[in-house]
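Residue numbers begin at 1 in each chain, while the letters A, B, ... track the order of the sequences.
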There are 2 protein chains.
Amino acid sequence: MKSTINDVAARAGVSIKTVSRVINNEPSVRPATRKKVMDAVNELHYQPNLAARNLAGTRSYTIALIYDNPNAYYIIDMQNGILETCKARGYELLIHPSNSKSDTVIDELRALVEHSKVAGVVLTPPFSETQSVIDEVKKLGLDYVRIVSSGAAEGDEDNCIQVDDSGAAFDITKHLVEHGHRRIGFLCGGEEHVSTHGRLDGYKDALRQAGIPLESELIIPGEYSFDSGVAGAKALLALDNPPTAIFASNDEMAAGALFAARLMNVEIPQQLSIVGFEDSPFSRQTWPKLTTAHQPNSEIAKCAAALVLNKARSKSSSESASANKDAGIIKKFVPELLVRDSSGDAPAN
Amino acid sequence: MKSTINDVAARAGVSIKTVSRVINNEPSVRPATRKKVMDAVNELHYQPNLAARNLAGTRSYTIALIYDNPNAYYIIDMQNGILETCKARGYELLIHPSNSKSDTVIDELRALVEHSKVAGVVLTPPFSETQSVIDEVKKLGLDYVRIVSSGAAEGDEDNCIQVDDSGAAFDITKHLVEHGHRRIGFLCGGEEHVSTHGRLDGYKDALRQAGIPLESELIIPGEYSFDSGVAGAKALLALDNPPTAIFASNDEMAAGALFAARLMNVEIPQQLSIVGFEDSPFSRQTWPKLTTAHQPNSEIAKCAAALVLNKARSKSSSESASANKDAGIIKKFVPELLVRDSSGDAPAN
DNA sequence: ACGTCAAATGACAACGCTGTCATATAGGGG
DNA sequence: CCCCTATATGACAGCGTTGTCATTTGACGT
């Protein structure tokens, strides 16, 4: 039933080693031979056995995704993106949810390496932005890719897929400014997230460029949660001179802001514009639907996976040195403004 | 660094086969020997190599989770539950999102079996309730567990973890009745889901038991989406004699109903009670927070995984026949009523 | 003390593949 | 046409475990 390398070798009339060479894209195989083998492979629908490969080779055919994120939609998108790349290249995905509060990741990482061979890991925030984790991964000699907010890429750009939070926040703010808003409230995400700072920076930059003075009373601390969105919006709307627009650091907070507005009988978007960030399914279920910034998570994941796989592969010397193998891998994403119904012109006043 | 079975054998002063026997819980090992081996295992932190096991044995140490569900929270819960069981028992999880619209699952299932050995699969709705998929899984001789709405368990109870939708819906409806509601609207989920019918049945049963006549105008077809919740609630509230409570088939629809109510200036829960189902994160982000039925998804997943593993294991004859190995595995769950703020006494009238 | 037999243990091949190293083969220069 | 060399191919040994089957051990009855 399941054909092995031996079957292929027999059918192609070569040794199993030659088959191995072909399926691993190693050099030193005559084109004619390569074709014979490929034909046999196709006829038999041969697929190399992963367990055997992992056992025999120095390379591994498994990568791990390390995460701890309460946002299920984000994780699912990540998984799907990585899975796509893995499937295409014959790798396996090991998913590894962990807890960023306790320090167990480090140990788990070690176990992962010792226990089953892992070719590389994809780290998502907050692990991707935690120095101790990064250090350990390096120490273990693992190939890795970090998905991070641009600010956290530092001198490690080669191993990062960046998300340009400040750029996207700039765009969003600019969108509001262009609609005549001059007083724009900003609801911050959690202090500990790098993205929080990036988004705030983008907001500030856009105001500065538009010549609008920063007003600290309009910047409210928060923590990426619905409740903090409600609270923040209430605070803003209670000001003597309330803003005509609110930029919430993510969709969940924006949904909270929307509710606060409804509560206080403020019409959206006629009296107040509200925008979010992330384009989570949330943003389509509020009413009105949220203007937000779309973050192509599964595309990001696909690129991250492709990047780790290339890293892992390039270490295997027998590999034919393909020149620009990283072609097509986008390393910096800027979430795109998505105008929906929760934002509009500033009230005539 | 990474210790192998050989290291353990050497340290314990036995052959590797004996070590193998011990770690696989096979009979015919003297207690004293077993202890020696276990000591060595612990001292060396020995973990059997999965690739080798998969390669050598007839058993496999990988199970797959097959799913196609837009609800990311549900999937994540499932994954976490299964992962917990797997980790505890030294298995690996292969996640396999698929598309229920196209018929590719069947082929993918075949590939899964041929390609990498898989000990068993956990099927979630809708695959778990699709006959062609179930048939194929059986044909492939795979061990499987289906997570299904009770109605779909038929004569296959041994392979099912059931969720008692009708029972939970009964409880929810009863809760409303006990608060004096006599006219209760029901927003249906999608026709194609078995759970839709189960939930509706529970609603009907509760009314019947309370001696409340069924009124077809109060039962609105829908499809488990926010929009359909909005539409359904609007329709109900527009009736000449509108209901005093609305039972939405899931939280998303309930959120929609909440919005429709706000729109029409209906106070919740003073003028109208609204309840959902599922206890998704949604239900805590609406305002007021939703009364709903809590479905312990990760617990369900844990049991499902334990069940497949037991099945897979029992086929290995060398296994010491542990009597009631399925002890502790719950095979029928009834989601539990969770009263929050969106439901209350029927208006005095 | 001895034979008996089930229970306990071990030797060894095999799983499907890759890495190493030896061997064969094809061109190119004399 | 032969030798040399680079290139192409193959033989074979592992990787860490389990399955099979042979061998040893110990408890028991005599």
Would you kindly give the [atom1]-to-[atom2] distance between [X] and [N], to the nearest whole Å?
X	N	atom1	atom2	answer
A:K36	D:dA8	NZ	C1'	11 Å
B:R53	D:dC15	CZ	C1'	16 Å
B:D7	D:dG16	CG	C1'	11 Å
B:N6	D:dC15	CG	P	8 Å
A:I5	C:dG16	CD1	C1'	8 Å
A:L55	C:dC15	CG	C1'	9 Å
B:K2	D:dC15	NZ	C1'	10 Å
B:E26	C:dA7	CD	P	15 Å

Is any side-chain heavy atom of A:N159 closer than 4.5 Å to a side-chain heavy atom of A:I134? no

What's the closest nucleotide to the side chain of [X] if the choices are [options]?
X	options	result
B:A56	C:dA11, D:dT18, D:dG14	D:dT18
B:S15	C:dA11, D:dT18, C:dG19	C:dA11
B:S20	D:dT17, D:dG19, D:dT18	D:dT18
B:V29	C:dG16, C:dT18, C:dT9	C:dT9
B:I16	C:dC12, C:dG10, C:dT18	C:dC12
B:R30	D:dG10, C:dA8, C:dT18	C:dA8

Would you say a side-chain N or O of [X] is under 4.0 Å from OP1 or OP2 of [N]?
X	N	result
B:S28	C:dA8	yes
B:N54	C:dC15	no
A:T58	C:dG19	yes

Distance (rounded to the nearest 0.5 Å) between [X] [atom1] and [Y] [atom2]:
X	Y	atom1	atom2	value
B:I76	B:N297	CD1	CG	12.0 Å
B:K139	B:R110	NZ	CZ	5.0 Å
A:R53	A:S20	CZ	OG	7.5 Å

Comparing A:Q47 with B:T18, nearest DNA chain C nucleotide closer to 5' gives the residue B:T18

Between B:Y91 and B:Y61, how do the two ring planes meet: parallel, tilted or perpendicular, split at 30° and 60°? tilted

Shortest non-hydrogen contact between A:Y73 and B:A72, atoms and distance: CD2-CB, 3.5 Å

Judged by each residue's nearest nucleotide on DNA chain D, which is more toward the 5′ side, A:T33 or B:Y46? A:T33

Would you kindly compare B:K17 and B:A51 by the position of their nearest DNA chain D nucleotide and give the one closer to the 5′ end?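 On the 5' side of the pair lies B:A51.
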
Checking only heavy atoms, does the side chain of A:R21 share a donor-acceptor pair with the base of C:dG19 at less than 3.5 Å? no

